[in-house]
2 protein chains.
Amino acid sequence: MEAGFRQDTIDRNPEKGRARTAPDTGTLGKAVAVLDVVARAERPMRFRDLREAIGQPPGTLHRQVSNLISEGLLQVNPDQSYGLGLRLLQFAARAWSGNRFREIAEPHLAALHEKTGETVHLGVLSDLEVIYLDKVESRQAVRMHSQIGNASPCYCTGVGKAALSALPIDDAKARIDRIAFHRHTEHTIADGAALSAELADIRAAGIAYDREEHEPGIHCVAAPIWSHDRSFVGGISVTAPSYRIAMAQLTQWADDVRTAAAAINADIEIRLGPRA
Amino acid sequence: MEAGFRQDTIDRNPEKGRARTAPDTGTLGKAVAVLDVVARAERPMRFRDLREAIGQPPGTLHRQVSNLISEGLLQVNPDQSYGLGLRLLQFAARAWSGNRFREIAEPHLAALHEKTGETVHLGVLSDLEVIYLDKVESRQAVRMHSQIGNASPCYCTGVGKAALSALPIDDAKARIDRIAFHRHTEHTIADGAALSAELADIRAAGIAYDREEHEPGIHCVAAPIWSHDRSFVGGISVTAPSYRIAMAQLTQWADDVRTAAAAINADIEIRLGPRA
DNA sequence: CTGATTCATTCCATATAATGGAACAGCGTT
DNA sequence: AACGCTGTTCCATTATATGGAATGAATCAG
């Protein structure tokens with residue numbers, strides 16, 4: 001419908017394995033496991049579908065589902081299939097507008113977009129994935145929602161690699177060992193050794209490139225941002241289609257991206273630092 | 001920053017009382033109660049603040065918070081304050097893109113916008129509030145996220161009144177009795193009797209108007225949509241600033257809005273009906 | 001239309017997880 | 001250095017979730 005060059009769909013990745021931070025333990029863990037199944041489902045899920053996906057006895061699952069519904073986290077469609085509840089939308093609206101990093105980065109993203117004219121992203125590292133928090137785009141091409149909140153692998157995105165480069169080296173190493181690499185394009189980094197090597201370069205340069213490693217025909221230049229204690233790492237990027245913007249242009253933007261990221265880091269330190 | 005005429009902020013309403021569907025009972029209920037407090041907080045909430053807001057003993061609250069964090073539903077900012085977790089953004093992205101009603105309504109909203117040139121909304125009734133699921137807007141003026149997922153009172157919005165009119169009368173009556181009316185503008189409906197009276201008109205006409213009842217200077221024309229069993233009711237609306245669009249113009253659009261809503265209802269019946 | 005079968009829901013004794021008081025640790029303040 | 005304020009950990013107790021079995025509803029075959 002719209003002229004977005006980047007795929008408009010939600011996670012077409014063939015990687016079906018969940019990158020959960022926590023095990024499905026405890027009452028809460030089991031509850032979000034149910035939400036997770038519903039969220040990741042591609043076809044409408046009815047009760048029996050959930051049952052085989054979750055593997056809980058019917059009575060148990062039924063009560064879990066009931067509780068989720070009464071909390072508004074889950075809902076039943078008229079055709080008996082389950083969908084995520086509207087309460088999640090409410091929460092997300094707050095999660096987004098109340099996010100301090102997004103708030104701090106916002107003007108810098110706008111400025112960077114102003115300078116380059118291309119799409120600017122803000123992403124945060126969440127375990128092994130990058131979650132996009134914001135984007136600034138020239139035309140109202142792609143619908144925002146299709147991108148914000150979406151997760152992409154960290155090893156084949158500019159923001160992801162930038163974020164990894166901001167982690168303490170042993171932390172980064174530990175995460176890399178847990179990555180299940182998948183070739184999204186012919187340029188995708190395929191193993192941990194190659195990724196570690198590239199991260200060394202990224203650390204030295206303060207700049208990461210995605211050379212059509214995630215989506216064919218899309219490349220980007222990114223720089224890391226972080227909080228003082230590295231409990232938060234993320235990145236910003238300028239993304240463009242390679243048919244229109246040459247790699248040489250990206251490298252020219254590198255300084256702008258690095259400068260913008262540095263400015264964001266300074267703001268984070270001031271507004272969220274230990275002495276805030 | 002942008003030229004949005006409708007307020008860009010999240011819920012400035014003075015109504016602080018929560019419109020919870022469920023009591024804070026059960027492990028899950030207590031967990032979302034914590035999320036709710038964080039979501040509704042206006043200043044940064046630290047552990048101490050949560051403690052007084054929730055009223056749980058420190059040990060208990062600490063574990064609840066820890067569990068929420070390990071599930072990614074909550075996170076700690078570097079300055080020790082809590083924020084909603086990124087997992088909620090991921091879930092919401094799916095809740096939105098996977099929402100059947102939104103999906104079905106989408107082309108009709110686009111067509112309605114094409115015809116009127118003004119902002120078109122899709123909202124769903126959730127207990128006593130309307131939650132906006134989608135909007136189509138001419139310029140990329142207001143950021144989508146500031147609107148989608150937001151909740152507004154049902155008694156002073158076009159979509160809300162339209163949705164109420166689609167409920168079985170006793171259900172509507174029961175909900176009206178629970179509304180805490182608040183005068184947002186001088187035109188806001190102030191009591192249940194007035195609302196019931198207006199709902200009768202809306203049922204007869206199939207059209208609801210918001211005559212600057214929520215935001216001064218903003219009015220809209222809306223029509224209800226629903227599922228066959230009324231487990232879902234909502235509405236669509238065309239919204240405009242009154243300085244630019246006269247009431248007479250809104251009444252001229254009423255037929256278009258009603259027609260669009262009817263088309264959506266037909267699609268819902270076909271795609272989500274009992275024999276789907 | 002009837003009977004058989006599958007699936008969803010309810011119930012309740014049991015197993016499990018959440019609770020909260022108390023004791024501990026970290027840190028800034030007096 | 002001792003105090004007070006917050007946040008964190010521990011563990012016996014208590015409340016909650018669990019899941020097998022029974023019931024009810026819906027679907028399908030004959």
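Values below: every heavy atom of this structure, side chains too, minus hydrogens, waters and symmetry copies. In the text below, chain A, chain B and the rest are named by the order of the sequence lines, each starting its count at 1. The shown structure was predicted, so the numbers you read here are calculated from the model rather than taken from an experiment.
In this structure, of dG20(C), dG7(D), dT18(D), it is dT18(D) that holds the atom nearest to the side chain of R63(A). The side chain of H62(A) approaches dT9(C) more closely than any other nucleotide in the set dA18(C), dT9(C), dT8(D). Of the candidate nucleotides dT6(D), dT8(D), dA8(C), dA8(C) has the atom nearest to the side chain of F47(A). Nearest nucleotide to the P58(A) side chain, out of dG7(D), dT16(D), dT9(C): dT9(C). Distances were taken from every side-chain heavy atom of T60(A) (C-beta onward) to each of dA17(D), dA18(C), dG19(D); the shortest belongs to dG19(D).
Q80(B) has its CD atom 8 Å from the P atom of dG7(D), to the nearest Å. Counting to the nearest Å, the P atom of dA17(C) and the CG atom of N67(A) are 16 Å from each other. Separating the CE atom of M45(A) from the P atom of dA8(C) is a distance of 12 Å, rounded to the nearest angstrom. Y82(B) places its OH atom 7 Å from the P atom of dG7(D), with the value rounded to the nearest Å. Atom CD1 of I54(B) is separated from atom C1' of dG20(C) by 16 Å (rounded to the nearest Å).
Checked by atom type and distance alone, the side chain of D134(A) never pairs as donor or acceptor with a backbone atom of I148(A) at under 3.5 Å. Under the 3.5 Å distance criterion, the side-chain polar atoms of R258(A) are left unmatched by any main-chain donor or acceptor of A223(A). At distances below 3.5 Å, at least one donor-acceptor pair connects side-chain atoms of Y155(A) with backbone N or O atoms of H182(A). The backbone N or O of A93(B) sits less than 3.5 Å from a side-chain atom of S97(B), completing a donor-acceptor pair.
Between T27(A) and dT16(C) there is no side-chain N or O to OP1 or OP2 distance below 4.0 Å. An OP1 or OP2 oxygen of dC5(D) is reached within less than 4.0 angstrom by no side-chain nitrogen or oxygen of R48(B). For dT19(C), one of the phosphate oxygens OP1 or OP2 lies less than 4.0 angstrom from a side-chain nitrogen or oxygen of Q64(B).
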